[in-house]
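Below: the structure, in structure tokens.
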Amino acid sequence: MFDRTDLTPRERLLAAFDMHAALCPFIAAAVEIPDPGHPARVYARDYKKGFAARLTDTAREAGAADPEQLGEQLALLLDGASARSRVLDTDTFATAAAIAAVLVDNAIPTAAADAEQLS
């Protein structure tokens, strides 16, 4: 989704919430392996950091006032939705997407959001 040229940066940030995986496999692996130095845990941690960095880069491209904060907020929201979906056996991504839209719109100054909508 990060490389899609048919979406604006704002749309790419929100597209992350269109994925409806039951439980992120990286979260599942980290939960099952108690040793933080285990190669699978290290891989999961690196993946999660990389994904958050991509969110941050996209937030920066969208004109967010604090892209690092927005990237971390969206990463946490996605992970929480993934885990909650699994525990409750229900789809929580629609709720997460609505929260994400508020976070994104609050983080992007109005001028940047207006300019993006025109493009």
Side-chain angles (χ1 to χ4, degrees):
M1 83 199 135
F2 293 115
D3 298 325
R4 289 185 60 182
T5 58
D6 61 319
L7 300 176
T8 66
R10 180 187 180 280
E11 291 169 332
R12 289 195 309 267
L13 288 170
L14 297 177
F17 293 86
D18 290 338
M19 300 181 298
H20 299 276
L23 179 65
C24 171
F26 299 102
I27 292 173
V31 168
E32 294 294 325
I33 302 169
D35 176 10
H38 187 281
R41 284 277 303 267
V42 171
Y43 187 83
R45 181 174 49 250
D46 290 347
Y47 175 84
K48 287 296 183 181
K49 285 182 177 183
F51 191 81
R54 294 291 305 266
L55 288 167
T56 296
D57 290 344
T58 305
R60 184 173 292 107
E61 187 181 348
D66 188 345
E68 289 79 12
Q69 180 181 28
L70 182 58
E72 284 299 317
Q73 288 172 334
L74 295 177
L76 178 61
L77 185 58
L78 276 166
D79 287 344
S82 177
R84 191 160 173 85
S85 287
R86 176 61 172 257
V87 171
L88 299 179
D89 195 27
T90 186
D91 184 6
T92 60
F93 284 92
T95 301
I99 295 167
V102 171
L103 289 171
V104 168
D105 289 343
N106 286 338
I108 299 172
T110 304
D114 290 346
E116 184 172 315
Q117 289 176 351
L118 295 175
S119 59

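The first residue in the sequence is number 1, and the count goes up from there. Worth knowing before you read on, the calculation uses all heavy atoms, side chains too, and leaves out hydrogens, waters and symmetry mates.
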Would you name the heavy atoms of [X] and [Y] that are closest together and state the gap between them?
X: Gly63; Y: Pro109; value: O-CD, 2.9 Å
X: Ala81; Y: Thr92; value: O-OG1, 2.8 Å
X: Ala96; Y: Leu77; value: O-CD2, 3.3 Å
X: Pro67; Y: Ala64; value: CD-O, 3.5 Å
X: Leu70; Y: Ala107; value: CD2-CB, 3.8 Å

For [X] and [Y], indicate whether the former's side chain and the latter's backbone hold a donor-acceptor pair under 3.5 Å.
X: Arg41; Y: Pro34; result: yes
X: Ser85; Y: Thr90; result: yes
X: Ser82; Y: Leu78; result: no

Using 0.5 Å steps for rounding, measure from the [atom1] atom of [X] to the [atom2] atom of [Y].
X: Asp105; Y: Leu14; atom1: CG; atom2: CG; value: 7.5 Å
X: Cys24; Y: Tyr47; atom1: SG; atom2: OH; value: 6.5 Å
X: Glu61; Y: Arg10; atom1: CD; atom2: CZ; value: 14.0 Å
X: Asp66; Y: Gln73; atom1: CG; atom2: CD; value: 8.0 Å
X: Arg54; Y: Arg12; atom1: CZ; atom2: CZ; value: 9.0 Å
X: Gln69; Y: Leu103; atom1: CD; atom2: CG; value: 9.0 Å

Please tell me whether Leu7 and Leu74 are part of a single hydrophobic cluster in this structure, the criterion being side-chain heavy atoms less than 4.5 Å apart.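 Hydrophobic grouping puts Leu7 apart from Leu74.
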
Tell me whether the rings of Tyr43 and Phe26 are parallel (<30°), tilted (30 to 60°) or perpendicular (>60°).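 Correct class here is tilted.
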
Begin from the C-alpha positions of Lys48 and Asp79 and carry the test side chain to side chain contact (heavy atoms under 4.5 Å, CB included) through to its verdict. CA-CA 9 Å; Lys48 287 296 183 181; Asp79 287 344; 2.5 Å; yes

Ile99 vs Phe17, side chain to side chain contact (heavy atoms under 4.5 Å, CB included): CA-CA, chis, key distance, verdict: CA-CA 10 Å; Ile99 295 167; Phe17 293 86; over 6 Å; no

Once salt bridge (Lys or Arg N to Asp or Glu O under 4.0 Å) is applied, do any residues pair with Asp57, and if so which ones, sequence neighbours excluded?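 Salt bridge (Lys or Arg N to Asp or Glu O under 4.0 Å) list for Asp57, sorted by chain: Arg60.
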
Exceeds 12 heavy-atom contacts within 6.0 angstrom, atom CG of Asp35: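 Above 12, so yes.
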
